[in-house]
Amino acid sequence: MSRLRYTIGRLLQAIPVLLGVVTITFLLTDAIPGDPVSIMLGPSPSAQQADAIRAKFGLDQPLYVRYFNYLFDVIQLELGESLYYGVPVTQKIMERLPVTMLLMVSSFTFALVTAVPLGIISAKRRNKPTDHISRIVALLGVSTPSFWIGLMLIIVFAYNVSWFPATGLVMPWAPPSAIDGASNRIDVIVTTIRHLVLPTITLGTLQMAAFTRIERSSMLEVLGEEYVKLARAYGVSEGKILRKHAFRNAQLPLITIVGLQLTTALGGAVLTETVFSINGMGRLVITAIQNQDFLLVMGTTLMFGVVFVVGVIITDLSYAYVDPRVSFEGGD
């Protein structure tokens with residue numbers, strides 16, 4: 001199986017997954033108690049006003065008609081109009097999605113850059129003080145809620161020592177004139193990094209802990225393989241064994257867990273954006289649910305599903321790149 005066919009196959013497999021996301025989200029949103037029309041028009045709207053709103057958004061039609069109409073609109077990338085904001089749902093998502101994606105990319109980068117060396121050192125120095133410290137750090141990272149980490153970081157690094165801002169996020173492509181104290185692009189990028197530090201650590205700590213544990217156990221398993229023992233018997237140095245023989249094979253489980261951690265990261269982004277008052281997809285979802293903005297809820301949930309599916313596909317392709325047998329032998 002060629003790599004191109006493997007990629008196309010993965011993309012086609014994503015279609016039923018996204019169809020399931022659309023269907024489940026539509027049914028769950030319809031089952032939410034309450035009347036969105038009352039939220040839009042107040043507790044006592046006139047019958048004419050309520051009927052006009054229901055007709056505009058198709059709420060006066062049977063469930064199956066609304067479902068197929070919505071499915072047809074989704075195929076055309078038309079997600080309707082937000083009841084609360086009064087703008088197209090796609091426009092609102094495109095405003096907020098880059099913020100969340102920047103936060104997720106930075107948190108995963110932080111997690112991988114920290115976890116891979118920690119896991120390797122921990123495996124290399126098994127049952128030594130470095131290994132014990134690394135395992136304790138990983139255990140604390142897994143067991144500590146992200147919102148608590150965020151609050152502690154704000155108290156210490158934002159309010160006590162004032163190293164980093166506690167709220168908001170500046171995008172690196174924002175015009176310098178829109179940023180206080182910024183006169184050029186470098187100032188904007190520095191401001192972006194300062195705003196990203198605390199949310200990145202908050203969101204990335206759980207991933208870092210999970211990746212460290214996987215990297216350590218994977219390295220230990222690979223270092224115990226017969227071919228590694230044979231290399232040692234031939235006098236190959238430990239550094240060369242790690243670089244040439246163990247490192248690449250040990251990354252396969254880590255690549256798998258990176259894809260699975262996307263769901264955790266998406267859920268964590270909602271909490272992190274709330275704690276740091278960042279206007280990303282997470283806060284948009286919360287606002288949409290609070291206002292029973294059903295089209296916005298369905299649109300944001302679908303977008304989360306798309307992000308997850310794309311992340312899983314990238315993980316599969318990365319897996320095939322590291323282990324070519326996956327694509328050329330037709331295995332999953």
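Checked by atom type, the side-chain pair T100/E273 shows a donor-acceptor distance below 3.5 Å.
W173 and L169 fall within the same hydrophobic cluster, where Ile, Leu, Val, Met, Phe, Trp and Tyr residues are linked whenever their side-chain heavy atoms come under 4.5 Å apart, directly or through other members. I154 and V270 are not part of a single hydrophobic cluster, where members link through side-chain heavy atoms under 4.5 Å apart.
You'll find the side chain of F147 stays beyond 4.5 Å of the side chain of T274, heavy atoms only. Proximity of I201 to S107: side-chain heavy atoms (C-beta onward) are nowhere separated by under 4.5 Å. Within the 4.5 Å cutoff, side-chain heavy atoms of T202 are placed close to those of F276. In this structure, the side chains of R213 and L139 come closer than 4.5 Å at one or more pairs of heavy atoms. With contacts defined as side-chain heavy-atom distances shorter than 4.5 Å, the pair I289/F294 does not qualify. Residues F108 and F211 have side chains in contact (heavy-atom distance under 4.5 Å, counting atoms from C-beta outward). In this structure the side chain of M298 reaches within 4.5 angstrom of the side chain of F26, judged on heavy atoms.
Crowding of F157 atom CZ: a count of heavy atoms from other residues, nucleotides or ligands under 6.0 Å not exceeding 12. Remark: E221 CD is loosely packed, at most 12 non-hydrogen atoms of other residues, nucleotides or ligands lying under 6.0 Å away. Within a 6.0 Å sphere centred on CZ of R125, other residues, nucleotides and ligands contribute 12 heavy atoms or fewer. Within a 6.0 Å radius of CZ in R126, other residues, nucleotides and ligands contribute 12 heavy atoms or fewer. Within a 6.0 Å radius of CG in L63, more than 12 heavy atoms belonging to other residues, nucleotides or ligands are found.
Under the salt bridge (charged side-chain N to carboxylate O under 4.0 Å, His left out) criterion, R135 pairs with D131, sequence neighbours left out. Checked against salt bridge (charged side-chain N to carboxylate O under 4.0 Å, His left out), E95 has the following partners two or more places apart in sequence or in another chain: K92.
Of the listed residues (R283, M281, M171, M104), just one forms a side chain to side chain contact (heavy atoms under 4.5 Å, CB included) with V99, and that residue is M171. When V21, V309, V285 are each tested for a side chain to side chain contact (heavy atoms under 4.5 Å, CB included) with F304, only one passes: V285. Of the candidates I93, T25, I286, L295, I93 is the only one forming a side chain to side chain contact (heavy atoms under 4.5 Å, CB included) with T300.
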As a quick check of understanding, evaluate side-chain hydrogen bond (donor to acceptor under 3.5 Å, both in side chains) for S106 and T200, giving each step before the final call.
CA-CA 6 Å; S106 66; T200 294; 2.9 Å; yes

